[in-house]
Amino acid sequence: MSQFDNERKSLMMRWHLDGPLFFALLTLVFIGLITLYSADGQDLVLVEGQALKIAFAMGIMCVMAQVNPKTYQHWSVPLYLAGVFFLILVEFFGYTAKGATRWLNLGFTKFQPSEIMKLAVPMAVAWYMANQPMPPRTRNVIIGFAICLVPTLLIAKQPDLGTSILVAVSGVFVVFLSGMSWRIIGAVSAMVAGFIPILWTFLMHDYQRQRVLTLLDEERDPLGKGYHIIQSKIAIGSGGVEGKGWMQGTQSQLEFLPERHTDFIFAVFSEEFGLMGVIGLLALYLFIIGRGLMIAHQAQDNYSKFLAGSITLTFFVYVFVNMGMVSGILPVVGVPLPLISFGGTSLVTLLAGFGILMAISTHKRLLAKQ
Amino acid sequence: MLKRRVAINDPVAESQLFLNRALFAFAFVVVMFGIIVANLYNLQVTRYEEYSTRADGNRIKLVPLAPNRGMVFDRRGVLLAENSPVHSLELIPEQVTDLPATVKALSELISITPEQQADFLDEVKSQRRFKSIALREQLTEQEVATLAVHLHKFRGVALEARLTRHYPYGDLFTHALGYIGKINEKEFKVLDEQNISANYAASRDIGKVGVEKFYEAMLHGKVGYQEVEVNSRGRIIRTLREQAAISGDDLYLSLDLGLQLKAQEVFGERRGAVVVMDPRTGALLAFYSNPSYNPNLFVHGIRGKDYRMLLNSPDRPLVNRMTQGVYPPASTIKPLLAVLGLESGTVTEHTRVPDPGFYRLPNVSRPWRDHFKFGHGYVDVYTGIIKSCDTYFYDLAYKLGVDRMWQFMSNAGYGRKSGIDISEESTGLMPSREWKKRRHKQNWGPGDTINIGIGQGYWSSTPLQLAITTATLINNGARVTPRLGEKFRNSEREGSLLVEKEQVIEVVDPNNWAISREAMRRTVQQEGGTARGAFLGATYSAAGKTGTAQVINMAAGQKYNAKAINERHRDNALYIGFAPHENPEIVVSVILENAGGGGSNAAPVARQMMDYYFSEQYNNPQLPDRAAIAAMQEQRAAALVAREQRYIEEAAAAKLEQEKRKNLPPQSTTDTGTIPPQSNAVTTPTAVSNNSENAAITQEGTNQAAGTPVQNPVLPSSTPAASELPTIGEDAGPDINIDEGPDTAPVENQDIEPEPQGGGR
């Protein structure tokens with residue numbers, strides 16, 4: 001059927017790329033580069049570095065898109081087990097920086113196993129759930145949760161709250177999409193609610209507690225814990241409807257805004273492009289999420305459906321948590337704004353996920369022919 | 001089991017279930033994005049104003065800009081107080097690669113003490129990295145030149161220039177100009193109370209003394225502001241708006257540089273003061289107290305050693321003798337007293353009083369002596385003034401009574417602040433019944449009245465008051481307000497600072513005033529006049545009156561012998577004069593401390609001032625250039641130091657002498673019988689530090705001088721901090737503890753002769 005499509009489409013198909021998704025992602029990383037250029041004081045070197053990382057991650061995405069989803073399904077369990085093994089290694093031999101033990105020092109580079117788990121967990125849970133009937137029975141649900149829980153706890157212990165949340169939800173989304181009954185959802189919600197005090201008392205580190213407290217009243221400590229969020233809200237609020245214009249944001253250009261090129265880049269964007277710009281950005285994100293869910297719906301086997309759905313919804317969680325924390329309705333957890341924030345690791349993981357999504361999207365027809 | 005199998009085999013239902021879940025998830029995503037948008041709407045639309053204001057508050061700061069202080073000129077526009085650049089060597093730490101090495105390299109070029117280096121490095125630690133910090137201040141021209149050559153080798157090192165006050169004529173105008181200095185806490189509080197501290201946001205200095213203080217509001221100018229954008233570390237990124245500072249008004253003094261230089265030249269090393277004033281306006285043409293001091297020393301904070309030298313000097317250079325020096329006016333009051341006598345009808349132009357050489361009160365056996373032992377025979381008002389006959393004025397004073405004299409003389413300008421435009425001023429003392437009652441808890445005695453008749457007794461005045469009262473005589477009872485500042489000028493306007501004279505004494509017959517002035521003319525121009533010798537050959541018609549004020553009291557039967565007594569206990573020489581006689585343009589008052597007779601010492605000073613004023617040179621002054629002035633100032637500074645050194649040595653020698661004398665039999669003290677018994681302390685004033693103790697000692701020296709207090713300028717009663725100007729106790733002069741006998745006839749019971757030697761010898 002590709003003969004009847006235009007040339008580009010056929011090219012896209014040949015490369016196993018999903019056109020709408022690909023262009024939406026390209027637009028997003030381009031917006032990211034523009035914002036980054038402004039956020040970091042017009043430092044071209046930094047932008048070039050980020051562009052290289054983007055190119056590298058895009059390459060990974062394209063490679064991942066070439067792989068048949070069946071292969072992913074096949075490798076799900078080994079990948080998961082290897083990931084857990086690495087996490088345990090981190091626990092004992094990990095490299096520590098800024099009070100967190102997240103890395104394995106390989107000598108030539110540092111490697112962060114928790115990033116692998118962002119994909120390995122949904123793959124493993126999807127693998128498990130795909131082997132179960134829909135809707136799953138309670139026992140299957142519990143096993144599914146257990147698969148999530150092990151790496152989540154290991155990551156939370158590093159500590160890395162942001163990643164552990166992302167890893168946990170990526171697994172939970174699979175269970176949800178597999179048709180977990182609403183009764184159980186209600187029960188789990190109640191359990192999570194009950195878990196919060198335990199989390200607060202035993203599992204959370206001091207700095208994490210402070211972050212939560214700061215969220216409740218950031219003006220409590222305007223120069224200390226509240227500084228980030230106050231400056232961020234000032235940046236967003238002073239942007240107004242139309243924004244101050246590209247490279248005109250005073251909060252960002254005059255460096256009042258901390259971490260403006262990483263986690264708080266959304267504040268820079270909001271300050272310079274205003275509410276209109278933000279709505280446009282959200283529309284783009286919504287389009288990507290919608291497209292991802294559509295791919296999931298059109299996938300031909302349950303594993304692909306679950307995995308595609310989970311990757312898409314995890315992407316949404318990234319967006320929501322980051323925007324929520326920057327605009328002051330969620331506590332500050334280290335989650336970047338996907339594809340916009342500076343940094344290579346999350347970029348590679350995210351685009352690798354989208355590569356899998358594209359593989360699912362583009363390989364179904366071949367499957368259908370078989 | 002069955003159920004499971006059914007489930008597996010129902011892909012349609014599974015697909016439907018997944019679709020439901022996916023749709024639900026998508027709806028959830030939309031709702032959550034809605035929440036985000038709602039929150040952003042709240043921030044960016046609803047609370048936009050609030051956050052916008054806070055963003056501006058973050059980035060916009062106001063930087064105050066110091067205004068240039070107004071300059072001060074003399075009457076001909078010669079610059080007397082200027083703003084000159086002072087250079088400092090400053091470093092910006094973040095631009096300097098190796099701070100210690102740079103400092104070391106710089107210290108090889110110019111001298112930087114280890115303390116200065118340590119202070120600098122401390123400062124670096126406590127300041128922002130991009131802020132410029134001074135390593136050395138007040139660089140000399142030589143150092144600036146040296147650094148300028150080598151500066152290109154250093155990164156982040158700069159020569160900065162700041163404007164500070166400079167007084168090119170040094171000690172010549174000190175007592176008029178005063179000086180500025182760093183604003184201290186007390187002054188800042190005052191500024192705060194007046195709600196003008198914002199105007200000083202960028203200013204470092206404030207007028208401390210003199211016209212610099214009096215005209216502070218005018219000279220200071222208005223602070224400007226720069227609205228700048230700063231980043232989160234406070235670094236200035238750019239200037240958004242600037243409101244320039246408005247320079248202070250320029251001040252034109254009525255003083256004349258040439259006349260002032262003349263005064264300094266005439267005085268030489270002699271102690272004293274001269275005031276030259278225009279009697280028509282009160283504008284002061286010369287205002288000089290010798291010795292003086294260099295105000296530039298105070299601008300950057302004077303060194304303790306220098307300050308102690310000035311403070312402890314027996315010559316009292318810090319004292320503004322024109323307004324703070326209180327002296328008995330002596331015979332200089334006679335012309336005005338004669339006016340009162342004539343106006344009140346107590347005497348007429350032709351009234352003659354016998355002068356046998358002394359005056360005796362009815363029922364009082366002790367006489368008041370005339371300065372002329374054999375008397376002047378029958379004396380009328382002219383002779384009384386021309387020859388300065390004491391007996392005539394003893395008699396007149398007795399007839400007038402203290403109340404009328406007090407009323408008249410107070411109005412004329414004695415015993416009151418003149419209203420001059422500097423704040424360092426003593427009231428002097430015009431005694432009255434109420435004053436004596438209040439001060440000494442004693443009744444006024446007739447002897448007190450008689451002492452006042454020749455300007456002695458409790459009466460004391462400043463040289464400025466002498467000039468003012470002379471102007472009152474010239475103006476037929478209209479008193480002037482003396483002014484150093486003649487006009488101010490700014491970019492928009494020019495305004496006079498002079499004050500209209502005020503008719504303070506009701507005139508009965510203007511001729512009475514003219515009689516007195518005529519007598520003063522004859523004092524100068526007629527054979528036998530006390531000032532004739534000094535004014536021989538004058539090309540203008542001068543008038544004047546001499547005065548010789550006793551500083552210590554003579555024991556009964558003692559004759560004044562200048563050679564025999566301590567130099568600092570000799571008589572003060574006074575002179576008041578004006579010229580031309582018919583249409584006076586200037587009034588001159590002179591005091592020479594411990595110089596002896598007024599006619600032979602003070603009058604010649606006035607003569608030279610007047611000669612200069614009436615010479616062609618006054619209108620076309622040949623003034624020395626800056627280099628000459630600087631050289632002169634250097635010379636004077638060296639002379640001052642040498643003089644002080646000499647005093648210290650003399651004091652040490654005197655002390656040694658005293659110790660020796662103590663061990664000798666008591667009769668040896670009678671050799672120097674002219675010195676009162678208490679004067680041991682007074683004879684060595686150099687040995688006594690300048691503090692309240694000194695003042696007390698000076699007072700003690702006069703203890704037994706009933707009705708004849710000895711008054712010299714009295715020094716500050718407190719010891720202020722080195723950087724501060726000594727505040728002179730305003731009524732320090734009159735507040736002398738005089739131990740008196742019974743009030744009705746004090747003269748009777750004194751073992752010291754009550755007769756002051758007041759005449760114009």
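A note on names: the letters A, B, ... follow the listed sequences, proteins ahead of strands, and every chain is numbered from 1. All values derive from a computational prediction rather than experimental measurement.
Options A/Gln253, A/Met323, A/Lys305 differ in how many heavy-atom pairs under 4.5 Å they form with chain B, and the most are formed by A/Lys305. Looking only at heavy-atom pairs under 4.5 Å with chain A, the residue among B/Val30, B/Asn231, B/Asn58, B/Val45 that has the most is B/Asn58. Interface check for chain B: of the options A/Ile279, A/Val241, A/Leu293, A/Leu286, the most heavy-atom pairs under 4.5 Å are formed by A/Leu286. In terms of non-hydrogen atom pairs under 4.5 Å with chain B, the most contact-rich of A/Leu254, A/Leu282, A/Leu275 is A/Leu254. Interface remark: of the candidates B/Ala13, B/Ala25, B/Ala55, B/Ala22, B/Ala55 forms the most heavy-atom pairs closer than 4.5 Å to chain A.
Under the 3.5 Å distance criterion, with hydrogens and angles disregarded, no donor-acceptor pair is assigned to the side chains of A/Gln231 and A/Glu255.
Between A/Phe354 and A/Phe315, the gap from one ring centroid to the other is short of 6.0 Å. Close placement of the A/Trp182 and B/Phe24 rings is indicated, their centers lying within 6.0 Å of each other. In this structure, B/Phe33 has its ring center no closer than 6.0 Å to that of A/Phe320.
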Criterion side chain to side chain donor-acceptor pair (under 3.5 Å) on A/Asn140 and A/Tyr128, from CA distance to verdict: CA-CA 8 Å; A/Asn140 307 129; A/Tyr128 176 73; 3.1 Å; yes
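Applying the side chain to side chain donor-acceptor pair (under 3.5 Å) test to A/Arg139 and every residue at least two apart in sequence or in another chain returns nothing.
Heavy atoms closer than 4.5 Å to chain B are found in both the backbone and the side chain of A/Ile234. Residue B/Glu49 does not touch chain A at all, counting heavy-atom pairs closer than 4.5 Å. Contact of A/Phe173 with chain B is not made at all, since no heavy-atom distance falls under 4.5 Å. Proximity to chain A involves both the backbone and the side chain of B/Leu40, based on heavy atoms less than 4.5 angstrom apart. The contact between B/Ser15 and chain A is made by backbone and side chain atoms together, counting heavy-atom distances below 4.5 Å. For B/Asn39, the part sitting under 4.5 Å from any heavy atom of chain A is the side chain, from C-beta outward, and nothing else. For a residue to count as touching a neighbouring chain, one of its non-hydrogen atoms must lie under 4.5 Å from one of that chain's; by this rule B/Tyr41 touches chain A with backbone and side chain alike. Heavy atoms closer than 4.5 Å to chain B are found nowhere in A/Val317, neither backbone nor side chain. With a 4.5 Å cut-off on non-hydrogen atoms, A/Thr312 does not touch chain B at all.
One finds the CD atom of B/Gln44 at 11.5 Å from the CD atom of A/Glu242 (value rounded to the nearest 0.5 Å).
The side-chain heavy atoms of B/Ile183 and B/Arg204, taken from C-beta on, include no pair separated by under 4.5 Å.
Judged by the 6.0 Å and 45° rule, B/Arg21 forms a cation-pi pair with A/Phe176.
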